[in-house]
Protein chains: 2
Amino acid sequence: MLIHPLTGALLPGVPMRTASSDPHYLSCLQDYYARWRCIPAYEKLRRILHLASRSAVGKVLERLRLQGFLERTPDGDWVPARRFFERFVAGQHVQAGQPAPDTEAGLTTLLLDDLLVETPSRTLLLTVRGDSMSGANIFEGDVVIVERQATALPGEIVVAAVDGELTVKRLDRDAEGWLLRPENPAYPVLRPAGALELMGVVTGLARRLRRGA
Amino acid sequence: MLIHPLTGALLPGVPMRTASSDPHYLSCLQDYYARWRCIPAYEKLRRILHLASRSAVGKVLERLRLQGFLERTPDGDWVPARRFFERFVAGQHVQAGQPAPDTEAGLTTLLLDDLLVETPSRTLLLTVRGDSMSGANIFEGDVVIVERQATALPGEIVVAAVDGELTVKRLDRDAEGWLLRPENPAYPVLRPAGALELMGVVTGLARRLRRGA
DNA sequence: CCGTTTGGAGTACAAATGTTCACTTTTAGC
DNA sequence: GCTAAAAGTGAACATTTGTACTCCAAACGG
């Protein structure tokens, strides 16, 4: 079924059924998701996809699931799967002579949050001061994503409270106990006097470039 | 009820049922959304929020809507609003011995996307391959935030199409014309044969740490 | 040309949904 | 303590939901 370009009316009887119409359905879904961040119920999907029957909606969704664009929660709800967001990150290759990649309007819908935050309720941000972790490529002004937890493994980059101040260091331990290693020879290794006050583990990093411009 | 900004523990002695238990409901919702990318139906929400009645769910959602965390589609479906994705920014200082100083007033929030994206419609993401920009502290696997534009200034880090492949380099120019400098002596300077096919300027960086753990 | 496959329409129905309403419990202000 | 507001319960109900089923027409592959 096609849609009249001017009136928007459905043109019955016009063939459009081919395996390659799934990409079109997918685009509709992606656009809707970009706007509202949800996959609606069958009846609404029926309208969005311009289908006449809910059963057709079910078949479309099932096909998209087999292709890896959608999945279902344990409760049976439809949710976007990893592949659903793929097109929002630019591909590595571009046709020579045609340097503009897909300029679809949905590029921004991949929330950077989704990339960087796994457990929102335990996640907070911290702006890095100083260059004591430059060896780990974390610099002054960077914003680190911290997942709150009381314990961590040696080798992880953690945020800890030292002398009432939060600091980012690499956690390590030796025969004498826990220690916080800066990744910059200009700074001393910290050995907490009492208990180690761990705030959480650094799970990600966000940096603004081109600050002045 | 307050939530300890560092440990995340619910502060004891504070009764459970109060207007400020909404943060707890919000956290549950945020975590569920981070996992499945949808707001489920009332009956499922009832279980997630540990409520006994669906009507209570409705009231919670309505409260969160008034606070700006949720909104509704024209069809009435619940969807996350802007504030839903904001994160707390930790203060730099912590009281020694009592690492929970800043009350709600001191805590600010920040949307990661706001931090990194200025012009959503012209912004896209690109995963970095190779270590040719390690001197600028951009490494394999990092995601760069690219603002699409056809021109750039010398000294800016840009994304350009070279031989049909996207590459991240620092833009420069000399007497002979434009050139693309890697920030790694192991790589050669690129001098585009014809016109320089510029895709955009790198305005930010996102990195996931602790990938394996 | 004909049978098969595929994408969709249409119908039917048990189950689930969102909302309302009256009611109870808890909390906060005085 | 007393009281009013806030938060949550539980039942009721019209609507909507997802799915199973049959049927149909176009596309496909010899």
Side-chain angles (χ1 to χ4, degrees), chain A residues 1-4 9-29 32 36 38-67 69-81, chain B residues 1-3 10-29 32 36 38-67 69-81 103-104:
Chain A
M1 172 139 22
L2 288 178
I3 301 171
H4 191 288
L10 297 179
L11 303 179
V14 181
M16 187 180 131
R17 289 180 224 111
T18 138
S20 55
S21 68
D22 275 349
H24 173 251
Y25 293 140
L26 178 62
S27 295
C28 292
L29 268 183
Y32 186 91
W36 294 109
C38 77
I39 305 284
Y42 280 40
E43 180 58 23
K44 289 135 197 171
L45 284 174
R46 193 189 58 72
R47 275 186 274 126
I48 293 169
L49 303 179
H50 301 295
L51 288 166
S53 64
R54 265 181 292 155
S55 54
V57 173
K59 293 186 182 182
V60 169
L61 294 180
E62 179 60 18
R63 260 179 277 143
L64 290 176
R65 191 182 66 79
L66 292 174
Q67 294 167 55
F69 292 107
L70 297 175
E71 59 182 322
R72 311 191 73 163
T73 70
D75 288 319
D77 296 328
W78 289 100
V79 292
Chain B
M1 167 161 40
L2 289 179
I3 296 178
L10 302 177
L11 295 184
V14 184
M16 184 68 186
R17 230 179 264 122
T18 140
S20 50
S21 71
D22 278 348
H24 170 68
Y25 293 140
L26 179 62
S27 293
C28 292
L29 268 183
Y32 186 91
W36 293 110
C38 76
I39 306 284
Y42 281 39
E43 178 57 24
K44 288 135 199 172
L45 285 174
R46 194 190 57 73
R47 274 185 276 127
I48 292 169
L49 303 180
H50 301 294
L51 287 166
S53 64
R54 265 178 294 155
S55 53
V57 174
K59 295 186 183 181
V60 169
L61 294 180
E62 179 59 19
R63 261 179 276 144
L64 290 176
R65 190 182 69 80
L66 292 174
Q67 294 168 56
F69 292 108
L70 297 175
E71 57 182 324
R72 310 191 74 162
T73 69
D75 288 319
D77 295 328
W78 289 99
V79 292
T103 51
E104 318 175 355

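Lettering of chains follows the sequences in order, A, B, ..., and the numbering in each one begins at 1.
The distance from atom CD of Glu43(B) to atom C1' of dG18(D) is 16 Å, rounded to the nearest whole Å. dA9(C) atom C1' lies 15 Å from atom CG of Leu49(A), rounded to whole Å. Taking atom CG of residue Asp75(B) and atom C1' of nucleotide dT15(D), one finds them 14 Å apart after rounding to whole Å. Atom-to-atom, CG of Leu51(B) to P of dT25(C) comes out at 17 Å; the value is rounded to the nearest Å. Rounded to whole angstrom, the span from the CG atom of Leu64(A) across to the C1' atom of dG7(C) amounts to 13 Å. To the nearest angstrom, P of dA7(D) lies 14 Å from CG of Leu61(B). The CG atom of Leu45(B) sits 14 Å away from the C1' atom of dA16(C) (whole-angstrom rounding). Between Asp22(B) atom CG and dA7(D) atom P the separation is 7 Å, expressed in whole Å.
For Asp22(B) and Arg63(B), the salt-bridge test passes: some basic side-chain N is under 4.0 Å from an acidic carboxylate O. Look at Glu62(A) and Lys59(A) and you find no salt bridge, because none of the NZ, NE, NH1 or NH2 atoms lies under 4.0 Å from a carboxylate O. Checked for salt-bridge contact, Arg46(A) and Glu43(A) meet the test: a charged N lies under 4.0 Å from a carboxylate O.
Of all nucleotides listed (dG18(D), dC21(D), dT9(D)), dG18(D) comes nearest to the side chain of Arg72(A). Distances were taken from every side-chain heavy atom of Val60(B) (C-beta onward) to each of dG18(C), dG8(D), dG8(C); the shortest belongs to dG8(D).
Every residue was checked against the salt bridge (charged side-chain N to carboxylate O under 4.0 Å, His left out) condition with Arg72(B), not counting sequence neighbours, and none meets it.
Between the side chain of Ser55(B) and the base of dG10(D) there is at least one donor-acceptor pair of N/O atoms closer than 3.5 Å. The base of dG8(C) sits within donor-acceptor range of the side chain of Lys59(A), with an N or O pair under 3.5 Å.
Between Tyr25(B) and dG8(D), a side-chain N or O to OP1/OP2 separation shorter than 4.0 Å is present. Side-chain N/O atoms of Tyr42(B) include one lying less than 4.0 angstrom from OP1 or OP2 on dT19(C). In this model, the phosphate group of dC21(D) is not approached by any side-chain N or O of Arg54(A) to a distance below 4.0 Å at OP1 or OP2. Residue Lys44(A) places at least one side-chain N or O closer than 4.0 Å to OP1 or OP2 of dT17(D).
Across all strands shown, Arg46(B) has no heavy atoms under 4.0 Å from either base or sugar-phosphate atoms. Counting any heavy atom pair closer than 4.0 Å across all strands shown, Ala56(B) reaches a base atom.
Annotation: the span from Leu49(A) atom CG to Cys28(A) atom SG amounts to 5.5 Å, rounded to 0.5 Å.
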